[in-house]
Amino acid sequence: MSKSEEYDVLVIGGGISGVEASLNLANQGHKVLVVEKDLSVGGKMIHLSKVFPTLDCSACITTPKVSEAARHSNITIYTYSQVNDIDKKAEHDFRASITKFPRYVDEESCTGCQVCEDKCPVVVQDQYQYDLVGRKAAYVPFSIANPRIAAIDIENCSLCGACERACPADCIDFTQEKQDIEIKVKSVIVATGFKLFDPTLIPRYGFGLFKNVVTSMQMERQLVPTRPFNNVLRPKDGKMPDNIAYVLCAGSRDETVGNPICSQVCCMYSIKQAQLLLGALPMADVTIYYLNIRSFGKGFNEFYQQAKDMGVTFVKGKIGKVEELEGGDLKLRYEDIEQGVVKEANHDMVVLSVGILANDGVTSLFKQNLELDQFNYVNQKDLLANPAQTNIGGVYVAGTASGPMDIPDSILSAGAASSETAGYLRGGNHEK
Amino acid sequence: MGKTIDIIKKKREVPQEVKDNIKAFTKIKKQILKTLETEPKSVPQIAKEIDLAQDIVTYHLMTLQKFGSVEVDDIDDMDEYYLYKLKK
Ligand SMILES: Cc1cc2nc3c(=O)[nH]c(=O)nc-3n(C[C@H](O)[C@H](O)[C@H](O)COP(=O)(O)OP(=O)(O)OC[C@H]3O[C@@H](n4cnc5c(N)ncnc54)[C@H](O)[C@@H]3O)c2cc1C
Ligand code: SF4
C-alpha cells in the first residue's frame, strides 16, 4: 500500500550539508522532507572527534543542529529510507517515490533504553565504530544517534524473540513491512555526501592483512569519548602505540586507483589527529609522511605550524610498501623526496589517511539524467554565479556531493543551495 | 498480547552463518571470561592462555568491555598493555 505526501523541498541525504540546507529553508517557512538512507542523520561529521582547525568537539556542533532539524515543525525526516526515482513533470513539480525500510521497532514508542540490546545474543561488527568492536543485532546505532531509537538488523537476527519479550515499551514489531511513499515536491537538493576510499585497493599498504594498519576514520573513532577501546590501542594486541605513522594521500592524487584529485581534508584531519594523539598519548611520537601539505584554508597554516611546534615529525616521502614485523610493528619503505633516496622506518601503528570519493547512484535517481563531472561528483553547471545549480532546473547540490570539501565549506555550500532553492521556489530566474 | 516474532518466524529462515556466528562468539566469550577469573590480564596473556590470535581476542575483549562484562584494571609496568578484569 502506498501513500502520498506533499512538500516544498526534498533533501536527499541527512549529513551536515543536508541538515544545514533543510534548517535554512524550514526557517523561511518552506516544508522540507529529508530522506536519509542510514539509521541516523548526521553523516560522517557526527562520528568525528574534534574538528580542524578550531579543535571544537564535532558531536557538540552536530548534535544540536540535528536535534533542531528533527524537532522543527517544517521538517520531516525519514531515516533508513531511500529515494527510488525522481521525475520532473514541470517547473515546481517533481514526483518521487520513496521506500521506508522497516526497523522492526515502533519509532514513536521506543525510548532507546537498550534493554533489547542487552538481551540480544547476536554480535556482529559495529559499522559505526568502523568494525573495531562488536554490536548487537537489536541495537541503538550509537549514543548520539538521531533518532536515538533501536533497530533490528534482520539479516543477522537469530529470531530468538528475546528483544520482544524484554522490551518494557512493547515496541518491537516483527510484522513491520517496507513502506512505499509517493511524494510531490517543488524542488530537490542533493546532499548525498561522499564515500571513503577502500584501502584494500592498494594491497602494498597491508590494510586488512596487518591489523595495526588502520584507516583515519578508525583513528577518528579511537579519539572520541565514545571510543571502541578504553584508550587509543593497537587493534592487533591492545598495546598502547608510541610511534605512529600517517600515510597521506592514501587513495587520493593517485591515477593508479582512478582518483587523481586531492581529497582536500586528509592533510588537515591528519594534522588534527596527530595533535589529539599527542594529547591522548603524551609519550608517543607521530610522523606524517606527505607528498605536499595542503593547508590553504583560514587558520590552516597556523594549525600545521602548531603541530610542528608540538613535536609532530613531517617527512616528505612516498610510501612504497608496509611490511609487518614480528610482534606487530610495521616497517615502512619510502622514498625520501627531498634527499632522493629510499629509506626504511619502523612504527608500531600506521594510519592511512584515506581519501574522499564521489558517492555512486545519485544520477540514476533522476529520470532527467543528473549530470556528473569527470570525477563523478554532481556537476555544478554555473560554478561562479550559481554554485548549487545542477543541469536540472529546480535541482540543487549541497556539500561534498559536489566535490571534496571540509565542514566549513560544506556549511557554506549548503547555504548557497538553500538560497538558490528559495529563489527558485519564489519563481526566480534559476529555472533554465 | 501475542508476540510478533512467531509471525516472522513463519516467513524467514535464520541463515546458518548467523547461528554459527552466535556459537563462535559465545565460545570465545566463555574462554576469555574464564581466563579472567583468576587475575586481571592483558590481551597477549589471554591470547596465549587460550591459544587464539591476538586480534580476535582484542575484538572480543573490547566487545565484552562495551557490553559491561569486563572492565579495565591497571596498566602493566612497561606502560604498554592494559590489564582487564571481570566486572563485578
Ligand atoms: C577521517 C575524516 C576526518 C575529518 N575531519 C574533519 C575535520 O576535522 N574538520 C572538517 O572541517 N572536516 C573534516 N572531515 C570532512 C567532513 O567529514 C566532511 O566535510 C563532511 O562530513 C561533509 O558532509 P556532507 O553532509 O556533505 O556529507 P556526508 O557526511 O557524507 O553526509 C551525507 C549523508 O547522505 C546520506 N546519503 C548518501 N547517499 C544517499 C542516498 N542515495 N539517499 C539518502 N541518503 C544518502 C549518507 O548516509 C550521509 O548521512 C573529515 C573527513 C574524514 C573522512
Ligand atoms: S526497542 Fe524497546 S527495549 Fe529496545 S531500546 Fe526501544 S524501548 Fe528499549
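Chain letters run A, B, ... following the sequence lines, proteins first and then strands; every chain starts at 1.
Contacts with chain B were tallied for M283(A), K136(A), Q129(A), R234(A); K136(A) has the most, counting heavy-atom pairs under 4.5 Å. When I154(A), N231(A), N156(A), D242(A) are compared by the number of non-hydrogen pairs under 4.5 Å with chain B, I154(A) comes out ahead. Heavy-atom pairs under 4.5 Å with chain B were tallied for P241(A), G161(A), C157(A), S158(A); the largest tally goes to S158(A). With chain B as partner, the option from V122(A), V123(A), D173(A), N212(A) having the largest number of non-hydrogen pairs under 4.5 angstrom is V123(A).
Residue contact with chain A, scored on non-hydrogen atoms closer than 4.5 Å, involves the backbone and the side chain of E80(B) alike. Proximity to chain A is absent for every atom of K19(B), based on heavy atoms less than 4.5 angstrom apart. The contact between V72(B) and chain A is made entirely by side chain atoms (from C-beta outward), counting heavy-atom distances below 4.5 Å. Looking at L61(B), there are no atoms closer than 4.5 Å to chain A (heavy atoms on both sides), in backbone or side chain.
Other residues, nucleotides and ligands contribute more than 12 heavy atoms inside 6.0 Å of the CG atom of D20(B). At most 12 heavy atoms of other shown residues, nucleotides or ligands fall within 6.0 angstrom of atom NZ in K119(A). Counting non-hydrogen atoms of neighbouring residues, nucleotides and ligands closer than 6.0 angstrom, the OH atom of Y80(A) reaches no more than 12 such neighbours. Other residues, nucleotides and ligands contribute at most 12 non-hydrogen atoms within 6.0 Å of the NZ atom of K29(B).
With contacts defined as side-chain heavy-atom distances shorter than 4.5 Å, the pair V18(B)/E155(A) does not qualify. A heavy-atom distance below 4.5 Å is not found between the side chains of K211(A) and T58(B). Side-chain atoms of Y81(B) and L233(A), non-hydrogen and from C-beta on, never get closer than 4.5 Å to each other. Two residues are said to be in side-chain contact when any heavy atoms from C-beta on lie closer than 4.5 Å; N230(A) and Y84(B) meet this criterion. Annotation: side chain of D237(A) is not in contact with side chain of D55(B) (no heavy-atom distance under 4.5 Å). Contact annotation: the side chain of K3(B) never approaches that of F174(A) to less than 4.5 Å [non-hydrogen atoms, C-beta and beyond].
Counted by atom type alone, D131(A) and Y59(B) present zero donor-acceptor pairs between their side chains at under 3.5 Å.
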Run F25(B) and V124(A) through side-chain contact (heavy atoms from CB on, under 4.5 Å) and show every step you take.
CA-CA 9 Å; F25(B) 187 86; V124(A) 292; over 6 Å; no
Check the pair F67(B), D118(A) against side-chain contact (heavy atoms from CB on, under 4.5 Å), reporting the backbone distance first and the verdict last.
CA-CA 8 Å; F67(B) 293 120; D118(A) 194 40; over 6 Å; no
Audit row: Q176(A), T4(B), side-chain contact (heavy atoms from CB on, under 4.5 Å) steps and yes/no:
CA-CA 9 Å; Q176(A) 279 186 358; T4(B) 62; over 6 Å; no
Please assess K66(B) against D126(A) for the test side-chain contact (heavy atoms from CB on, under 4.5 Å), listing each intermediate value before the final yes or no.
CA-CA 11 Å; K66(B) 173 176 167 181; D126(A) 184 349; 2.9 Å; yes
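Here the closest non-hydrogen pair linking T63(B) and G134(A) is OG1-N, 2.9 Å. Listed here is the closest heavy atom pair of M62(B) and F229(A): CG-CD2, 3.2 Å.
Considering NZ of K239(A) and CG of D79(B), their distance stands at 11.0 Å, rounded to 0.5 Å.
Under 4.0 Å is where a charged nitrogen must lie from a carboxylate oxygen, and between K11(B) and E177(A) at least one such pair does.
When the options T175(A), L159(A), I172(A) are evaluated for a side-chain contact (heavy atoms from CB on, under 4.5 Å) with I5(B), the one that passes is L159(A).
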